[in-house]
Protein chains: 2
Amino acid sequence: MTELGRRERKKLQTRQSIADAALELFLARGFDDVGVKEIADRADVSVTTLFKHFPSKESLLFDEDAEMESALVGAVRDRPAGQSIPQALKDHFVRAATGHADHPLFGPFIRLVEDTPTLRAYQRTMWIRHETALAHAIAEDVGAPLDDVRCAGLARFALEARDVIFGRADREKAAEELFGLLEHGWAADQKA
Amino acid sequence: MTELGRRERKKLQTRQSIADAALELFLARGFDDVGVKEIADRADVSVTTLFKHFPSKESLLFDEDAEMESALVGAVRDRPAGQSIPQALKDHFVRAATGHADHPLFGPFIRLVEDTPTLRAYQRTMWIRHETALAHAIAEDVGAPLDDVRCAGLARFALEARDVIFGRADREKAAEELFGLLEHGWAADQKA
DNA sequence: TACAAAAGTGCAATGACTACACTTTTGAAG
DNA sequence: CTTCAAAAGTGTAGTCATTGCACTTTTGTA
């Protein structure tokens with residue numbers, strides 16, 4: 001679509017260097033044992049520049065965000081005919097989880113986040129940001145008012161479900177059971 | 001039960017002074033516009049002492065914690081015969097919310113927390129800590145393995161429901177609808 | 001009364017983050 | 001090709017929460 005000028009390209013490149021440096025160092029020595037200074041040095045930029053690109057130390061690890069939200073909304077909006085919303089969300093999460101599973105850093109990355117309280121909290125905050133968007137998509141789909149409580153609730157529960165699932169050994173089964181619960185509750189509510 | 005010696009009493013008193021000073025200042029000027037130094041000064045203690053009593057600035061606002069957890073577990077364990085677990089939790093939350101509603105600082109306090117991202121996040125983290133305890137209580141009650149996924153899920157969803165409910169104008173109705181969803185999903189699952 | 005543990009203090013340091021004033025790069029207009 | 005304002009980058013110095021340390025004071029108890 002939009003051609004990027006050299007300027008934009010260089011900017012993105014700087015950003016990428018920083019993110020790469022951060023990921024390497026964090027994976028090697030842990031989030032708390034690496035300072036921003038060191039990351040900036042390795043990316044060959046000043047600390048000031050680093051913070052011009054990323055709003056916080058935690059954010060260095062979570063880059064792609066806008067895409068996730070539209071994917072989430074899309075999963076509800078464009079689901080196969082006849083499929084329930086909880087089902088569609090479950091499929092979406094399972095697909096997303098297994099989609100990246102081949103990347104060699106996926107495992108270590110997950111472990112890093114799980115083992116660092118700060119990062120868990122941050123990830124969760126970022127994740128929950130999508131609640132409103134998802135809630136609206138659901139409400140629109142079923143023809144409820146945009147701020148309908150049950151739609152907001154389903155959105156929240158679904159997003160949380162992902163977090164619970166990730167903490168489990170058998171993610172497939174966990175997803176099945178948790179979304180089963182939502183599925184039944186949601187269906188019963190829809191009838192009323 | 002246990003009589004407190006003068007030492008313990010003085011310690012608690014110091015702690016209370018600090019918490020009081022913090023609450024006053026935060027309510028008056030907002031969380032981010034008050035420094036720990038100022039709080040310590042008002043409570044007439046050193047900053048070092050302040051941090052010997054509280055692990056962080058945020059924790060100054062959230063004191064009573066162990067009680068909440070046992071109350072939560074108790075709500076499940078000692079619920080009236082024939083009442084479902086989601087129902088019991090709903091009742092518990094509604095009761096807890098209205099129980100403090102008469103306190104004059106309750107409203108402003110809630111508003112302070114809602115309006116300060118840091119505090120929202122902190123409160124949520126503290127709150128979710130009870131997930132495991134609640135999940136175990138539920139599992140025990142229905143005779144499932146302690147780490148059963150559906151029990152953990154219900155616990156998580158119920159705790160999150162409280163958060164969603166607090167963000168709503170009509171909390172009574174919101175509670176009704178959200179726990180209705182959990183109720184139906186849970187009931188359907190239990191039969192299987 | 002004496003003494004060890006507990007409570008409190010002040011100081012200096014760390015580490016994330018910001019404000020500021022500055023230099024360098026670069027896209028685009030003339 | 002020159003020019004110039006915006007954008008990208010830099011270094012310095014500061015703020016603020018939080019911690020480690022070595023120290024004094026208080027207090028329960030033997």
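So you know, we letter chains A, B, ... as the sequences are listed, proteins then strands, and number each from 1. Quick note: numbers below take in every heavy atom, side chains included, and nothing from hydrogens, waters or symmetry partners.
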What integer distance in Å separates E38(B):CD from dT15(D):C1'?
15 Å
Sugar-phosphate or base contact per nucleotide [nucleotides 18-30 of chain D; S, B, -; heavy atom under 4.0 Å]
BB-------BS--
Do D91(A) and R79(A) sit within salt-bridge range, that is, some charged N less than 4.0 Å from a carboxylate O?
no
How about E172(A): does its CD atom have over 12 heavy atoms from other parts shown lying under 6.0 Å from it?
no
Atom pair distance, as rounded to whole Å: CD in Q16(B) and C1' in dA7(C):
18 Å
Pair up each side-chain donor or acceptor in residues 104-112 of chain A with any protein partner under 3.5 Å, not counting sequence neighbours, and list the distances.
none

For DNA chain C, which consecutive runs of 3 or more Watson-Crick or G-U pairs (each distance under 3.5 Å) count as stems?
C:1-30 with D:1-30
Using the ring pair (Phe, Tyr, Trp, His ring centres under 6.0 Å) rule, pick out the option among F62(B), F31(B), F54(B) that qualifies with Y122(B).
F62(B)
d(CG, L25(A); P, dA16(C)) in whole Å
12 Å
How long is the span from the CH2 atom in W127(B) to the CD atom in E69(B), to the nearest 0.5 Å?
9.5 Å
Look at atom CZ of R29(B) and say whether more than 12 heavy atoms of other residues, nucleotides or ligands are closer to it than 6.0 Å.
yes
Can you check the L50(B) CG to dC16(D) P distance for me, whole Å?
15 Å
Check the distance between dT12(D)'s P and K37(A)'s NZ and give it to me in whole angstrom.
11 Å
L119(B) CG to dA17(D) P: how many Å, rounded?
13 Å
Regarding S84(A) and E183(A), is there a side-chain donor-to-acceptor distance under 3.5 Å anywhere?
yes
Starting at CG of D33(B) and ending at P of dA17(D), how long is that distance when rounded to a whole Å?
11 Å
Please walk me through it: do S46(B) and T49(B) pass side-chain hydrogen bond (donor to acceptor under 3.5 Å, both in side chains)?
CA-CA 5 Å; S46(B) 70; T49(B) 299; 3.0 Å; yes
Can a side chain N or O of H53(A) be found less than 4.0 Å away from OP1 or OP2 on dA8(D)?
no
Can the positive tip of R162(B) be found less than 6.0 Å from the middle of the six-membered ring of F166(B), inside 45° of the ring normal?
yes
Nearest whole Å is fine: how far is dA16(C) C1' from D32(B) CG?
15 Å
Has T49(A) got a side-chain N or O lying under 4.0 Å from the OP1 or OP2 atom of dT10(D)?
yes
